[in-house]
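Since the model is a prediction, treat every value here as computed from it, not as a measurement. A note on names: the letters A, B, ... follow the listed sequences, proteins ahead of strands, and every chain is numbered from 1.
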There are 2 protein chains.
Amino acid sequence: MPDDPAYLAQLQDYYARHRVFPPYSGIGRLVGLKSKSSVSAMLARLRLAGFLEATPDRRLKPGPRFFERVVADSVRAGFPQPADDSAKETLTLDEYLIENPSRTVLVRVKGDSMIDAGIQPGDIAVVQRSFEAHAGDVVVAIVDDEFTLKLLDKEDGQYVLKPANPAYPVIRPKGKLELFGVVVGMVRKYR
Amino acid sequence: MPDDPAYLAQLQDYYARHRVFPPYSGIGRLVGLKSKSSVSAMLARLRLAGFLEATPDRRLKPGPRFFERVVADSVRAGFPQPADDSAKETLTLDEYLIENPSRTVLVRVKGDSMIDAGIQPGDIAVVQRSFEAHAGDVVVAIVDDEFTLKLLDKEDGQYVLKPANPAYPVIRPKGKLELFGVVVGMVRKYR
DNA sequence: TTGACCTGGGAACGATCGTTCGATAGTTTG
DNA sequence: CAAACTATCGAACGATCGTTCCCAGGTCAA
């Protein structure tokens, strides 16, 4: 019985380390198959399942499902996906956060003016440009020639920029409010 | 005069599309070099510059500088890389956050016990299993058959789980502390 | 102008690749 | 129990790979 999930996991790890696939012989060594024909069969299976694809040059490349991750719910103590194929929610982080790649920019957060909104210095904000902003959105505005991350709100029909930190003042733009984009996601890396 | 930056940009584009490199002949077609020897020379230069490396199998792989990406800094008002859109989409968030795919699980956060650490309900924690935890890490522990997200700390040589919210009590495990994994990243989506 | 130097093209070569074809062992089906 | 199927192995094969060497054309300094 072939253990394709384990093979796939090995491949994913190797790819994460090197950003490239090894040759068939290397894959064999990696996953514990001694024959290239076994590797070939295994890869064909993964290809059918959508984990792998081929480039125009007929080279191996990661398929759409290659980067999927399992989302575990915090309520169940059942450990992650032993054989639980049924209610398995998967997603790739890219697709989850970035809907419009060409208009999406990452901005590293400076300062703690949004700390009460769970946005800390060093975090990376996923910013979508030319996106209609509404009151309640976190936005990247341009104030005094600098990017600034604030909560967009409305006071007396006038847009204002509110920090999420009592130590900072509310910004009431004099002229036109210049928006760079809307924050659609947030990413933080520990360690 | 060789136009290495342009060559590199082409390579990065191709890689962003396929997550894999073409063979030398394909690279030649891609960047406009008609001879594999020229390609070889060009790649050697890029290798020296740190954009490319070799795998243990002596295959081409992206080097540390290959994914260099202008993360817009909040200090400058100069808009991010207007002309050079090509090298922009190379770094994916998956690659940024997930180092070890087979041991990484996503866990959706429930409750506000970590709110002061900037972790809100609905956020998705990137959890790496079987990863040595130290005091100061945010960890996913198993308490009463449920996942729980807490800050790992040490009191009198004993590990304890501290919430980041004064409304919750510190958890001092009676027996052995059961850890599910260490939180290495955090993702949030707005709207 | 000459000659060293650099860059890209072309051809040849051995190494390595991925495919293919049986054979084998273990499991499932009838 | 026999037959069919599956997953693997091992060997052989042509295709393709990346390297290497040499040459053509251009540039720059002497």
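Taking atom CG on B/Asp57 and atom P on D/dC17, their separation rounds to 17 Å, with Å as the unit. C/dT20 atom P lies 13 Å from atom CG of A/Leu43, rounded to whole Å. Whole-Å rounding puts the A/Met42 CE to D/dT6 P distance at 18 Å. Between A/Lys34 atom NZ and D/dG10 atom C1' the separation is 12 Å, expressed in whole Å. Atom P of nucleotide D/dA7 and atom OH of A/Tyr7 are separated by 10 Å, given to the nearest angstrom. A/Leu60 places its CG atom 16 Å from the C1' atom of D/dT16, with the value rounded to the nearest Å.
Inter-residue side-chain proximity for B/Pro62 and B/Phe21 is flagged as met; some heavy-atom pair is nearer than 4.5 Å.
Connection of A/Ile115 to A/Val138 is not established within any shared hydrophobic cluster, with ILVMFWY side chains joined at heavy-atom distances below 4.5 Å, either directly or through further cluster members.
The pair B/Glu99-A/Lys189 meets the salt-bridge criterion, with a side-chain N (NZ, NE, NH1 or NH2) lying under 4.0 Å from an Asp/Glu carboxylate O. Between B/Asp57 and A/Arg29, at least one side-chain nitrogen of the basic residue sits less than 4.0 Å from a carboxylate oxygen of the acidic one, meeting the salt-bridge criterion.
A sub-4.0 Å separation between OP1 or OP2 of C/dG8 and a side-chain N or O of B/Arg45 is present.
Not one N or O on the side chain of B/Lys150 forms a donor-acceptor pair closer than 3.5 Å with the backbone of B/Ala141.
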query = How does protein reach along nucleotides 18-23 of chain D, written 5' to 3' as B (base within reach of a heavy atom under 4.0 Å), S (only sugar-phosphate), or - (no contact)?
reply = BBBB--

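Checked against the 6.0 Å centroid criterion, the rings of B/Tyr15 and B/Phe51 do not qualify as a close aromatic pair.
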